[in-house]
K.L.:
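One structure, pasted below without further comment.
All of these numbers come straight from a predicted model, not from anything done at the bench. Order of the sequence lines sets the chain letters (A, B, ...), proteins ahead of strands, with each chain counted from 1. Values reported hereafter were calculated over all heavy atoms of this structure, with side chains retained and with hydrogens, waters and symmetry mates removed.
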Amino acid sequence: VTGVASLEHAGPADVSFLTHVRHLAAARASRAGALLGPEDVTGMPCPVLRAPAPRLALIELLRLFHPAGGAATGTHPSAVVGDGAAVDPTASVGAFVVIEANAVVGPNARLYPFVYVGAGAEIGESSTLYPHVVVRDGVRIGRRVIIHPGAVLGADGFGYEFDGARHRKIPQIGGVLIEDDVEIGANTTIDRSMVGDTVIRRGTKIDNLVQIAHNVEVGADSIVAAQTGVAGSCRLGQATVLGGQVGIADHVNLGDGVVLAAQSGVMSDLPVSGRYLGTPARPAPLTRRIWVTEAHLPELVRRVRGLERRLEHIERETGHADDAPEPN
Amino acid sequence: VTGVASLEHAGPADVSFLTHVRHLAAARASRAGALLGPEDVTGMPCPVLRAPAPRLALIELLRLFHPAGGAATGTHPSAVVGDGAAVDPTASVGAFVVIEANAVVGPNARLYPFVYVGAGAEIGESSTLYPHVVVRDGVRIGRRVIIHPGAVLGADGFGYEFDGARHRKIPQIGGVLIEDDVEIGANTTIDRSMVGDTVIRRGTKIDNLVQIAHNVEVGADSIVAAQTGVAGSCRLGQATVLGGQVGIADHVNLGDGVVLAAQSGVMSDLPVSGRYLGTPARPAPLTRRIWVTEAHLPELVRRVRGLERRLEHIERETGHADDAPEPN
Amino acid sequence: VTGVASLEHAGPADVSFLTHVRHLAAARASRAGALLGPEDVTGMPCPVLRAPAPRLALIELLRLFHPAGGAATGTHPSAVVGDGAAVDPTASVGAFVVIEANAVVGPNARLYPFVYVGAGAEIGESSTLYPHVVVRDGVRIGRRVIIHPGAVLGADGFGYEFDGARHRKIPQIGGVLIEDDVEIGANTTIDRSMVGDTVIRRGTKIDNLVQIAHNVEVGADSIVAAQTGVAGSCRLGQATVLGGQVGIADHVNLGDGVVLAAQSGVMSDLPVSGRYLGTPARPAPLTRRIWVTEAHLPELVRRVRGLERRLEHIERETGHADDAPEPN
């Protein structure tokens with residue numbers, strides 16, 4: 001076999017993969033030359049590579065057939081490197097990169113074309129910054145961090161104070177700290193703080209078009225899906241999971257292991273681990289029950305109207321109306 | 001007349017346009033020197049260009065007064081073109097463009113400054129890429145495609161597998177395919193797949209800040225408004241219309257002609273053409289009825305409390321309480 | 001003291017600040033060498049700088065310790081400046097900036113690397129454009145405007161007309177006007193109009209990843225938080241406040257002083273100043289009452305079912321059922 005392909009598209013020269021039981025029929029119908037699958041799978045039309053955790057084995061398989069391209073080390077002649085900046089000789093700095101004064105670029109870091117590294121910023125060992133990433137002054141980025149195209153780290157936090165006549169800008173002199181093994185999606189924005197740091201802890205993965213406001217801390221090993229917004233000064237625990245388009249109001253704390261379904265809106269602390277859903281975010285089973293019930297709301301109103309009519313009738317007929325005034 | 005202007009701003013030297021009946025009064029009050037309007041319009045204060053489809057005629061009018069500026073053909077001396085890249089001599093390649101090895105840029109394509117074209121990527125004939133567009137390696141773009149500033153095509157899909165200790169990145173070795181006559185908005189992101197392609201079919205128009213995740217297929221002639229997000233592996237039919245800030249969960253299928261109103265959230269398949277609204281997305285008339293009813297919810301609770309009080313009174317007075325245990 | 005730090009992180013060499021009563025305990029426990037606070041504060045462990053408006057005084061304090069870095073005036077030799085463009089000699093134009101023909105860059109303006117200024121565009125005095133900002137042709141930007149990295153001003157409005165076979169693009173030949181003292185967040189997009197201008201009035205502050213569509217007017221001194229979207233032809237009054245992830249449908253008018261809480265969705269005019277919440281946006285107290293009530297919806301349905309059962313029992317026992325047909 002010469003490549004990896006989906007069950008649907010694989011041919012005799014491809015290895016494919018069965019990583020979810022819902023694809024069992026597709027696997028049986030696949031034209032793949034070989035298949036990666038769980039240990040107990042049977043009835044496949046081709047040889048099966050059995051693995052106790054097929055999705056983890058798939059990672060190795062994909063790497064095997066598509067090894068990461070090594071970048072040429074060194075700095076492209078068109079790059080502009082400021083006074084006092086330290087670029088490790090094993091780093092790869094692409095065309096039209098700008099590295100401002102006193103910035104540091106670590107060993108084996110890779111900066112694609114058009115990356116901007118502000119004054120005094122630090123890029124850790126083996127980190128990759130794709131084209132058009134902006135790292136403003138003083139932002140510190142750990143090791144093995146991946147930042148996708150167009151992400152902006154360290155823009156000013158959104159802070160103003162109204163003086164009676166106009167909104168006056170509060171200087172944002174704090175920074176951004178990205179710990180090791182973090183991944184940040186395309187066109188995502190992570191703002192600097194007024195003082196202190198906005199922090200993304202170790203191992204956390206952030207998708208595209210996410211907004212992380214000033215002074216937020218996102219705990220380690222968290223997952224933040226696309227278009228989610230976290231307002232200023234929130235504290236997210238470890239291993240939190242935020243679905244797409246979630247919104248979290250400022251100064252909210254989420255406990256370790258809190259899972260927010262897509263489009264949830266959170267306005268107050270959720271200290272207890274668990275799955276939450278909806279705006280306002282509630283325990284997921286409660287929100288689901290509300291959603292089922294609200295679909296019958298128009299009918300419920302009709303039923304209440306019917307009850308009122310029938311009750312009035314009986315009250316009249318039996319002469320037993322309750323004439324006490326309605327309590328508040 | 002020397003230009004085109006709105007009914008409100010047009011003067012005697014401008015031609016204006018009446019394309020919606022709600023602007024009839026504004027048209028009658030306009031100072032425009034001439035007016036484009038429907039065939040049956042009367043009572044206008046200036047000469048009228050009558051057209052059976054005034055909005056289509058307006059397109060011609062706008063083009064007439066503001067012809068698209070032709071770009072100088074050829075490659076700006078500052079651009080960096082990699083080994084084996086093929087740039088058609090009729091293409092226009094702006095300052096500081098980077099075209100990596102083996103990429104292809106077709107006839108009459110226009111690449112504005114700071115465009116990045118990854119290794120092996122293809123830009124079709126007469127396509128326009130505005131400043132700061134990022135096209136990562138291997139992405140294929142058709143003919144007459146327009147990509148607005150800052151859009152990112154082919155960043156890694158958001159895929160991880162937890163190995164018990166940390167989230168491990170699943171290599172994203174698939175691609176992105178953009179068919180002919182597609183338009184993609186500013187700072188929109190369209191991710192590459194793990195295997196196979198993320199596909200935007202012919203004639204589809206996508207607005208700003210939209211997220212299209214890995215392995216999605218958007219059917220032909222669809223409309224996707226700003227800030228909408230489509231999660232991984234969704235299949236959207238032809239001529240679907242997604243309003244702004246819509247969210248679609250992963251693996252959801254939408255049938256041809258499905259219309260989702262703004263801010264809708266879709267968690268399961270919608271195979272049948274029609275207009276849907278809300279989170280969860282329901283047929284629009286149902287969601288509107290729920291919205292009307294829920295505004296009276298606090299009052300409904302008071303009515304039910306009143307019924308309970310009155311019924312209790314009658315039960316007491318008549319001695320006819322139903323003492324059977326409440327069924328579950 | 002040598003710097004400014006939060007109550008939590010300040011040491012003896014830092015001045016800290018007490019700007020909200022909820023931080024009183026933290027202030028009492030702080031190790032700060034000095035404290036900025038309100039005039040009536042007591043019991044602090046260090047000298048206190050008393051100010052009638054501590055948050056405004058904080059602005060001065062932050063500026064004092066972190067004065068804005070002056071940029072070198074002049075144009076970096078790598079910048080590309082088109083024919084007829086006028087760059088004031090006091091402006092600072094960074095590496096790889098592109099200024100197209102006939103554009104104007106005012107006195108003391110600062111353009112960071114990779115900024116793109118389209119043909120005929122105007123950048124006012126003392127405005128700052130961070131890296132990767134795109135200002136398309138003809139866009140006019142006032143004085144003291146700050147535009148954060150990756151923002152795109154003047155991309156085409158999202159306008160098409162279906163001709164029976166395909167969506168035909170409506171040329172967008174209008175412009176964008178940004179008045180004085182506006183701030184625009186990272187990766188935000190503000191589209192140009194078909195005709196006329198999209199306008200952001202004086203003193204308005206816009207956060208990251210916001211979408212402002214064609215022909216919108218945002219009134220003076222407004223606040224627009226992150227990821228909010230304003231659809232085409234909306235008119236927002238003065239001093240409006242839009243929370244994060246708000247969506248406003250096209251052609252909606254908001255009165256002066258309208259405040260929309262985060263994630264609100266607005267589908268019709270809100271002419272009266274006040275606080276609105278939810279989708280659809282309603283006066284905030286009403287939406288909060290609905291949210292409280294809907295959490296009890298499943299219980300309410302049970303209560304109505306109970307009433308129906310009990311009433312039927314009484315009707316049977318008393319022989320006083322209302323047999324009139326249910327009105328519609």
K.L.:
Measuring heavy-atom distances to chain C, does A:L307 have an atom under 4.5 Å in its side chain, in its backbone, in both, or in neither?
P.N.:
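Both the backbone and the side chain of A:L307 come within 4.5 Å of chain C.
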K.L.:
Examine whether an atom of A:H320 lies under 4.5 Å from a heavy atom of chain C, and if so say whether it belongs to the side chain, the backbone or both; otherwise answer neither.
P.N.:
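Neither part; nothing is under 4.5 Å.
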K.L.:
Non-hydrogen atoms of chain A under 4.5 Å away: do they reach the side chain of C:E8, the backbone, both or neither?
P.N.:
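Neither part; nothing is under 4.5 Å.
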K.L.:
Drop me the distance from C:T188's OG1 to A:Q211's CD, to the nearest 0.5 angstrom.
P.N.:
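That separation rounds to 8.5 Å.
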K.L.:
With chain A, which of C:R55, C:H66, C:H132 has the greatest number of heavy-atom pairs at distances under 4.5 Å?
P.N.:
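Between C:R55, C:H66, C:H132, the count favours C:H132.
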K.L.:
Is C:A261 close to chain A through its backbone or its side chain, or both, or neither, when contacts mean heavy atoms under 4.5 Å?
P.N.:
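The answer is neither part of C:A261.
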K.L.:
Under 4.5 Å heavy-atom distance to chain C, tell me which part of A:R316 shows up: side chain, backbone, both or neither.
P.N.:
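When you check distances to chain C, no heavy atom of A:R316 falls under 4.5 Å.
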K.L.:
Using 4.0 Å as the upper bound for N to carboxylate O, is an ion pair formed by A:R289 and C:E294?
P.N.:
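Looking at A:R289 together with C:E294, the answer is no, because their closest N to O distance does not fall below 4.0 Å.
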K.L.:
Quick one: pull up CD in C:E312 and CZ in A:R310 and give me the separation to the nearest 0.5 Å.
P.N.:
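The CD atom of C:E312 sits 6.0 Å away from the CZ atom of A:R310.
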K.L.:
Taking side chain as everything from C-beta outward and backbone as N, CA, C, O, which of these in C:R288 sits under 4.5 Å from a heavy atom of chain A? Side chain, backbone, both or neither.
P.N.:
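It is neither, since no heavy atom gets under 4.5 Å.
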K.L.:
Looking only at heavy atoms, which two atoms of C:A295 and A:I290 are closest? And how far apart?
P.N.:
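Heavy atoms of C:A295 and A:I290 come nearest at CA-CD1, 3.7 Å.
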K.L.:
Heavy-atom distance under 4.5 Å to chain A: side chain of C:E308, backbone, both or neither?
P.N.:
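Both backbone and side chain.
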K.L.:
Which pair of non-hydrogen atoms, one from C:F114 and one from A:V98, has the smallest distance, and what is that distance?
P.N.:
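Heavy atoms of C:F114 and A:V98 come nearest at CZ-CG2, 3.7 Å.
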K.L.:
Under 3.5 Å, side chain of C:D221 to main-chain N/O of A:R166, donor-acceptor pair present?
P.N.:
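Checked: no pair found.
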K.L.:
Which atoms form the tightest heavy-atom contact between A:V152 and C:A186, and what is the distance?
P.N.:
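Nearest heavy atoms, A:V152 then C:A186: CG1-CB, 3.9 Å.
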K.L.:
For each of C:H296, C:H9, C:E183, tally heavy-atom pairs with chain A at distances under 4.5 Å, and name the one with the top tally.
P.N.:
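The residue among C:H296, C:H9, C:E183 with the greatest pair count is C:E183.
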K.L.:
Measure C:V210 against the heavy atoms of chain A and call it side chain, backbone, both or neither at under 4.5 Å.
P.N.:
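Neither the backbone nor the side chain of C:V210 comes within 4.5 Å of chain A.
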K.L.:
Any donor and acceptor pair, going by atom type alone, linking the side chain of A:D163 with main-chain N or O of C:L56 inside 3.5 Å?
P.N.:
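Not a single qualifying donor-acceptor pair exists.
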K.L.:
Which answer fits A:D156, side chain, backbone, both or neither, if we ask what part of it has an atom under 4.5 Å from a heavy atom of chain C?
P.N.:
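Looking at A:D156, backbone and side chain both touch chain C.
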K.L.:
Using a cut-off of 6.0 Å, state whether more than 12 heavy atoms not belonging to C:R144 lie near its atom CZ.
P.N.:
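For C:R144, atom CZ is crowded (more than 12 foreign heavy atoms under 6.0 Å).
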K.L.:
Begin with the C-alpha distance, continue with both residues' side-chain angles, and end with the deciding distance and a verdict on side chain to side chain contact (heavy atoms under 4.5 Å, CB included) for C:T318 and A:E317.
P.N.:
CA-CA 9 Å; C:T318 63; A:E317 296 291 321; over 6 Å; no
K.L.:
Is it true that a side-chain atom of C:Q245 and a backbone atom of A:V246 form a donor plus acceptor pair closer than 3.5 Å?
P.N.:
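Yes.
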K.L.:
Distance from C:N208 atom CG to A:I190 atom CD1, nearest 0.5 Å?
P.N.:
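Taking CG in C:N208 and CD1 in A:I190, the distance rounds to 10.5 Å.
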K.L.:
Atom CD in A:E100, atom OH in C:Y112: separation rounded to 0.5 Å?
P.N.:
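Separation between the atoms: 8.0 Å.
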K.L.:
Is it the backbone or the side chain of A:R282 that comes under 4.5 Å from a heavy atom of chain C, or both, or neither?
P.N.:
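Looking at A:R282, just its side chain touches chain C.
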K.L.:
Heavy atoms only: give me the nearest C:F96-A:S78 pair and the separation to one decimal.
P.N.:
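Reported closest heavy-atom pair: CZ-O, 3.0 Å.
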K.L.:
Taking it one step at a time, do A:F158 and C:H148 satisfy side chain to side chain contact (heavy atoms under 4.5 Å, CB included)?
P.N.:
CA-CA 11 Å; A:F158 192 64; C:H148 289 285; over 6 Å; no
K.L.:
If I measure from the heavy atoms of chain C, does A:V115 come under 4.5 Å with its side chain, its backbone, both, or neither?
P.N.:
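Only the backbone of A:V115 comes within 4.5 Å of chain C.
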K.L.:
Which atoms of A:V292 come close to chain C, meaning under 4.5 Å heavy atom to heavy atom: side chain ones, backbone ones, both, or neither?
P.N.:
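Contact with chain C: none, neither part.
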K.L.:
Is chain A contacted by the side chain of C:Q263, its backbone, both, or neither, given a heavy-atom distance below 4.5 Å?
P.N.:
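It is the side chain, since no backbone atom gets that close.
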K.L.:
Evaluate the side chain to side chain contact (heavy atoms under 4.5 Å, CB included) criterion for residues C:W291 and A:T279: first the C-alpha distance (whole Å), next the side-chain angles of each, then the deciding distance (0.1 Å), finally the verdict.
P.N.:
CA-CA 9 Å; C:W291 285 354; A:T279 299; 4.1 Å; yes
K.L.:
At a heavy-atom distance under 4.5 Å, which candidate from C:G319, C:P149, C:S6, C:A220 has the highest pair count against chain A?
P.N.:
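Between C:G319, C:P149, C:S6, C:A220, the count favours C:P149.
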K.L.:
Rounded to the nearest 0.5 Å, what's the gap from OG1 on A:T189 to CG on C:L209? Could you check?
P.N.:
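These two atoms lie 4.0 Å from each other.
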K.L.:
Identify the two heavy atoms, one from C:P298 and one from A:T293, that lie closest to each other, and give their separation to 0.1 Å.
P.N.:
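Looking at all heavy atoms of both residues, the closest pair is CG-OG1, 3.9 Å.
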K.L.:
Taking it one step at a time, do A:I173 and C:F65 satisfy side chain to side chain contact (heavy atoms under 4.5 Å, CB included)?
P.N.:
CA-CA 9 Å; A:I173 68 174; C:F65 283 93; 5.5 Å; no
K.L.:
Inspect the surroundings of CZ in A:R235 and state if more than 12 heavy atoms from other residues, nucleotides or ligands are less than 6.0 Å away.
P.N.:
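Check passes, neighbour count above 12.
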K.L.:
Identify which part of A:A165 has an atom lying under 4.5 Å from any heavy atom of chain C, answering side chain, backbone, both or neither.
P.N.:
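Backbone only.
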K.L.:
Compare all side-chain heavy atoms of C:T204 with those of A:H167 and state whether any distance is below 4.5 angstrom.
P.N.:
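They are not in side-chain contact.
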K.L.:
Let me confirm one number: the NZ-CG distance from A:K169 to C:D181, rounded to the nearest 0.5 Å.
P.N.:
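Reported to 0.5 Å precision, the distance equals 12.0 Å.
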K.L.:
Flag the one option from C:I206, C:L300, C:I314 with the top tally of heavy-atom pairs under 4.5 Å to chain A.
P.N.:
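So the answer, after comparing C:I206, C:L300, C:I314, is C:I206.
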K.L.:
Please report the shortest heavy-atom distance between A:V195 and C:V4, naming the atom on each side.
P.N.:
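The pair with the smallest heavy-atom distance is CG1-O, 4.0 Å.
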